[in-house]
Q: 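Just passing along the structure, written as structure tokens.
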Amino acid sequence: MGFLIPAIVDNPDGWGPCTLPEEYKDIPYAPFSKSDKLGRASDWINQGYSKSRFGNQSSGVNSAFNFFANDEEDTFHLVDTKTVSRPKYGARRYQHNRNNNRRQQETAARDSGAGAERERARRERQQQKKNQWSGFWNNRNNQQFVYTSSVDIRPEWTVLDQIQLTSLTKLSYDVSSEPEEITDCGHLKFYNKTFDRIGAKQEVPLKRFDKRVFHQVTTSDDPIIARLKGAEESYVFATDAILATLMCAPRSVYSWDIVITRQGNKMYLDKRDRSNFDLLSVHETAQEPIPDEKDNMNGVINLSHEATVINQNFSQQVLQQGGETLQMAEKNPFVSDNEDVAPVAYRYRKWQLDDKVSLVARCELNAVLDYKGQQLVCAVRSLNEFDPKVTGIDWRKKLENQRGAVIATELKNNANKLAKWTVQALLGGADQLKFGYVTRAHPRDNYNHVILGTQFYKPKDFAAQINLNVNNMWGILKTVVDMCMKLGDGKYVLVKDPNKPLLRLYEVPMDAFEEDFAEEALPAETEAPPEVNEKPKEADDEIEVPAI
């Protein structure tokens with residue numbers, strides 16, 4: 001069996017065919033080199049007169065296949081015999097206003113119908129979507145502030161772990177068992193109910209209690225907690241303020257730090273001595289941040305000092321001066337001789353976190369309220385307004401008729417502070433959470449203040465109102481405790497990053513913070529109150545509360 005050998009053409013002068021086959025004679029040929037870009041096999045889009053991006057003529061690779069118009073087409077003209085329509089009464093004017101009037105009439109008709117509320121809500125949603133991106137670009141132009149860390153980070157410190165605050169919002173842990181009461185210390189005075197009748201039109205000056213002592217002792221210096229040091233059970237010791245800071249960490253913006261000490265099966269959560277941990281934040285979660293300027297009266301540090309002093313003075317002014325007091329089981333462990341200490345009660349409570357670890361916390365209460373024959377313990381706090389132009393709402397105008405708008409604005413601007421107050425009230429078992437509304441006598445005077453009103457909530461109801469998940473706050477604490485219980489004996493610092501939603505755990509030397517090498521000095525202007533024209537009222541002066 002054989003096969004036919006095809007004809008082989010020999011080209012002695014080079015390579016390739018010597019002659020063009022008959023079937024390819026009338027087909028155009030486009031020469032190209034290896035550096036040219038090849039076009040499509042069939043290009044129905046490219047035109048011979050098209051120009052490239054830079055104004056040059058298109059590449060000559062496929063020019064052999066391009067279509068070029070003949071000269072005859074230049075002499076061709078399209079004749080349109082259709083008559084041009086003209087307006088009957090001339091050109092109409094003010095068409096834009098006419099359309100606007102028609103739209104206004106349609107809107108008015110919709111607003112007067114049965115579905116007026118639904119239609120208005122639909123238009124508001126459309127407007128919000130329309131302004132969503134414009135608001136985003138406007139926010140990009142806002143001034144950005146860089147805040148400083150609450151503690152001086154030393155180069156010899158070692159970073160052990162980092163926690164994203166966004167990941168803490170998904171945690172959940174149920175501490176179903178009721179806390180065990182260990183002991184109660186101190187004494188409480190009764191709340192003066194006449195302050196519930198104060199209004200914005202009947203404001204009361206805020207007194208100053210400069211000689212009264214407010215103890216803020218850290219965990220490891222508490223003599224009541226020291227009794228449990230020799231127990232065999234694993235304990236975590238803390239105060240309600242420290243626990244509230246941890247549990248509300250996802251809402252925090254400013255920097256803070258907590259010192260963690262591991263000793264055997266015990267763990268102590270402390271604050272640094274003379275740190276800013278006990279200062280109240282102001283305008284922390286607002287959309288427009290506050291500048292971190294020490295010379296600015298409305299700076300972060302000065303506003304925090306002002307809010308802390310207001311909160312202390314308000315908690316003392318709303319108490320009945322003299323009269324009956326509620327004595328606890330033990331005396332105040334921090335009182336020394338010849339000292340005017342603010343009336344306060346400390347509850348030492350114990351929670352079982354799991355089968356091995358227990359939590360012991362010192363919780364603080366401020367007053368007792370006589371309500372229908374029952375004695376209700378209260379946590380007293382004050383909200384303060386410093387400048388209506390910055391906060392966005394004037395309390396003197398809105399507090400009487402639109403109190404809900406005022407508290408909503410505070411929830412937006414001070415979400416972290418209100419959440420921490422609520423957590424402290426829940427941990428301490430407070431029956432009532434008393435809020436006072438305090439503002440400056442004048443926006444440029446940060447020394448004299450007036451009380452505009454009061455309001456009370458049940459802690460559980462207020463927690464639901466501000467969207468505070470109790471299981472989530474216990475889940476955050478349980479995660480931090482489990483992480484730290486795995487560490488060896490030593491001293492550690494948990495620091496909130498001042499400009500990022502991030503927690504960092506550092507290992508520090510055992511003698512850290514004992515020689516004041518990492519402590520921050522308070523600004524000089526906060527050591528003494530500024531000079532004002534009006535003489536401040538003394539704590540002993542009587543101020544009449546108007547009766548309604």
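Any value given below was found using the heavy atoms of this structure, including those in side chains, with hydrogens, waters and symmetry copies removed.
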Q: Stepwise, does the side chain to side chain contact (heavy atoms under 4.5 Å, CB included) test hold for Ser304 with Asn276?
A: CA-CA 9 Å; Ser304 296; Asn276 294 335; over 6 Å; no
Q: Using only atom types and a distance under 3.5 Å, with no angle test, would you say the side chain of Thr454 pairs donor to acceptor with the backbone of Phe195?
A: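 Pair found, side chain donor or acceptor close to backbone of Phe195.
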Q: So for atom NZ, which belongs to Lys193, do other residues, nucleotides or ligands contribute more than 12 heavy atoms lying within a distance under 6.0 Å?
A: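 Yes, the 6.0 Å shell around NZ holds more than 12 heavy atoms from other groups.
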Q: Do Thr285 and Lys412 come within less than 4.5 Å of each other through their side chains, counting heavy atoms only?
A: no
Q: Should the pair Tyr457 and Phe462 be assigned to parallel (<30°), tilted (30 to 60°) or perpendicular (>60°) ring geometry?
A: tilted
Q: Aromatic ring centroids of Phe456 and Tyr371 under 6.0 Å?
A: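 Centroid distance Phe456-Tyr371: not below 6.0 Å, so no.
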Q: Taking Thr261 for its side chain and Lys491 for its backbone only, find out whether a donor-acceptor pair lies under 3.5 Å.
A: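 Such a contact is absent between Thr261 side chain and Lys491 backbone.
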Q: Salt bridge or not for Glu385 and Lys398, using N-O below 4.0 Å?
A: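 Salt bridge flag = no for Lys398 with Glu385.
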Q: Is there a side-chain contact between Leu477 and Met247 (heavy atoms, below 4.5 Å)?
A: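 Leu477 reaches Met247 side chain to side chain.
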Q: Supply the atom-to-atom distance Glu284 CD to Ile290 CD1, rounded to the nearest 0.5 angstrom.
A: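 Spacing of CD (Glu284) from CD1 (Ile290) equals 11.0 Å.
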Q: Nearest 0.5 angstrom please: Asn446 CG to Met297 CE, how far?
A: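 The CG atom of Asn446 sits 5.5 Å away from the CE atom of Met297.
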Q: So, do Asp270 and Phe237 sit near enough that their side-chain heavy atoms are less than 4.5 Å apart?
A: no
Q: Think Lys271 forms a cation-pi with Phe277, using NZ or CZ under 6.0 Å from the six-ring centre and within 45 degrees of its axis?
A: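 Ring-cation test returns no.
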Q: Just by modelled atom types, is the Ser382 backbone N or O under 3.5 Å from a matching donor or acceptor in the Asn311 side chain?
A: yes
Q: Give a yes/no verdict on a cation-pi contact between Arg154 and Tyr506, requiring under 6.0 Å between NZ or CZ and the six-membered ring centre and an angle within 45° of the axis.
A: no
Q: Measuring only between side-chain heavy atoms, which start at C-beta, is Leu359 closer than 4.5 Å to Val175?
A: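 Heavy-atom side-chain distance check fails, nothing below 4.5 Å.
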Q: Evaluate the side-chain proximity of Val390 to Glu288: yes if any heavy-atom separation is below 4.5 Å, no if none is.
A: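 No - every pair of side-chain heavy atoms lies 4.5 Å or more apart.
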Q: If only atom types and distance count, is the side chain of Tyr235 paired as donor or acceptor with the main-chain N or O of Ile225 below 3.5 Å?
A: no
Q: Anything under 30° is parallel, anything over 60° is perpendicular, the rest tilted; go ahead and classify Phe334 against His215.
A: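 Correct class here is tilted.
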Q: How close do Gly429 and Arg347 get, heavy atom to heavy atom, and via which atoms?
A: O-NH1, 3.3 Å
Q: With under 30° as parallel and over 60° as perpendicular, where do the rings of Trp421 and Phe435 fit, or are they tilted in between?
A: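 If you compare the ring of Trp421 with that of Phe435, the planes turn out tilted.
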Q: Which heavy atom of Arg362 sits nearest a heavy atom of Thr218, and at what distance?
A: NH1-O, 4.0 Å
Q: Does a sphere of radius 6.0 Å around CG in Asp355 hold more than 12 heavy atoms from other residues, nucleotides or ligands, not counting ones at 6.0 Å or beyond?
A: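 No, CG of Asp355 has 12 or fewer neighbouring heavy atoms, counting only those of other groups under 6.0 Å.
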Q: Checking side-chain contact (heavy atoms from CB on, under 4.5 Å) between Val480 and each of Leu494, Ile258, Leu269, which is the one that passes?
A: Leu494
Q: Find out whether Asp489 and Gln263 are in side-chain contact, i.e. whether some heavy atom of one side chain is under 4.5 Å from a heavy atom of the other.
A: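 No, side chains not in contact.
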Q: Is the backbone N or O of Gly436 less than 3.5 Å from a side-chain atom of Asn384, with the two atoms forming a donor-acceptor pair by type?
A: no
Q: Can you tell if the side chain of Phe209 reaches within under 4.5 Å of the side chain of Gln312, non-hydrogen atoms only?
A: no
Q: Under a 4.0 Å threshold between the charged nitrogen and the carboxylate oxygen, would Asp354 count as salt-bridged to Lys478?
A: yes
Q: Closest heavy-atom contact between Leu243 and Ala361?
A: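 So the two residues come closest at CD1-CB, 3.6 Å.
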Q: Search all heavy atoms of Val282 against all heavy atoms of Tyr254 and return the closest pair with its distance.
A: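 Taking every non-hydrogen atom into account, O-OH, 3.6 Å.
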Q: Does one side chain, of Asp222 or Tyr348, offer a donor that lies under 3.5 Å from an acceptor on the other?
A: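 Distance-only check passes for Asp222 and Tyr348.
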Q: Roughly how far apart are Ile182 CD1 and Ile224 CD1, rounded to 0.5 Å?
A: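 Result: 10.0 Å between the selected atoms.
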Q: Judged by atom type as modelled, is there a donor-acceptor pair below 3.5 Å linking the side chain of Asp370 to the main-chain atoms of Gln375?
A: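 No; judged by distance alone, with no hydrogens or angles, the pair does not exist.
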Q: Can we call the ring centroids of His449 and Phe314 under 6.0 Å apart?
A: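 Ring centres of Phe314 and His449 not closer than 6.0 Å.
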Q: Under a 3.5 Å distance rule, please check whether Lys496 uses its side chain to pair with a backbone N or O of Val253 as donor and acceptor.
A: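 Yes; at least one donor-acceptor contact below 3.5 Å.
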Q: Of all the heavy-atom pairs spanning Pro333 and Tyr346, show the shortest one and how long it is.
A: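 So the minimum-distance heavy-atom pair works out to CD-CD1, 4.4 Å.
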Q: Please determine if Asp210 and Arg208 form a salt bridge, counting it only when a charged side-chain N lies under 4.0 Å from a carboxylate O.
A: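 Judged by the 4.0 Å cut-off on N to carboxylate O distance, Asp210 and Arg208 do form a salt bridge.
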Q: Are side-chain N/O atoms of Arg381 and Asn366 paired as donor and acceptor at under 3.5 Å?
A: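 There is such a pair between these side chains.
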Q: Among residues two or more places apart or on two chains, list those pairs meeting salt bridge (Lys or Arg N to Asp or Glu O under 4.0 Å) that have a residue in residues 417-427.
A: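 Salt bridge (Lys or Arg N to Asp or Glu O under 4.0 Å) check on residues 417-427 returns no pairs.
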Q: So which heavy atom on Pro459 is nearest to which on Thr422, and how close?
A: O-CG2, 3.7 Å
Q: Does Arg262 use its side chain to pair, donor to acceptor, with the backbone of Gly264 at less than 3.5 Å?
A: yes
Q: Any heavy-atom pair between the side chains of Gln352 and Lys350 that's under 4.5 Å?
A: yes
Q: Assign the ring pair Trp474 / Trp351 to parallel, tilted or perpendicular, where the plane angle (0 to 90°) is split at 30° and 60°.
A: tilted
Q: Charged N to carboxylate O under 4.0 angstrom, Glu180 versus Arg349?
A: no
Q: Quick check against the 3.5 Å criterion: does Asp340 have a side-chain atom that pairs as donor or acceptor with the backbone of Val213?
A: no
Q: Which distance, rounded to the nearest 0.5 Å, do you find between the CD of Gln327 and the CD of Glu330?
A: 12.5 Å
Q: Is there a donor-acceptor pair under 3.5 Å between the side chain of Asn302 and the backbone N or O of Lys294?
A: yes
Q: Do NZ/NE/NH1/NH2 and the carboxylate oxygens of Asp196 and Lys434 come within less than 4.0 Å?
A: yes
Q: Between atom CG of Leu418 and atom CD1 of Ile407, what is the distance when rounded to the nearest 0.5 Å?
A: 6.0 Å
Q: Roughly how far, to the nearest 0.5 Å, is CG of Asp273 from CG of Asp221?
A: 6.5 Å
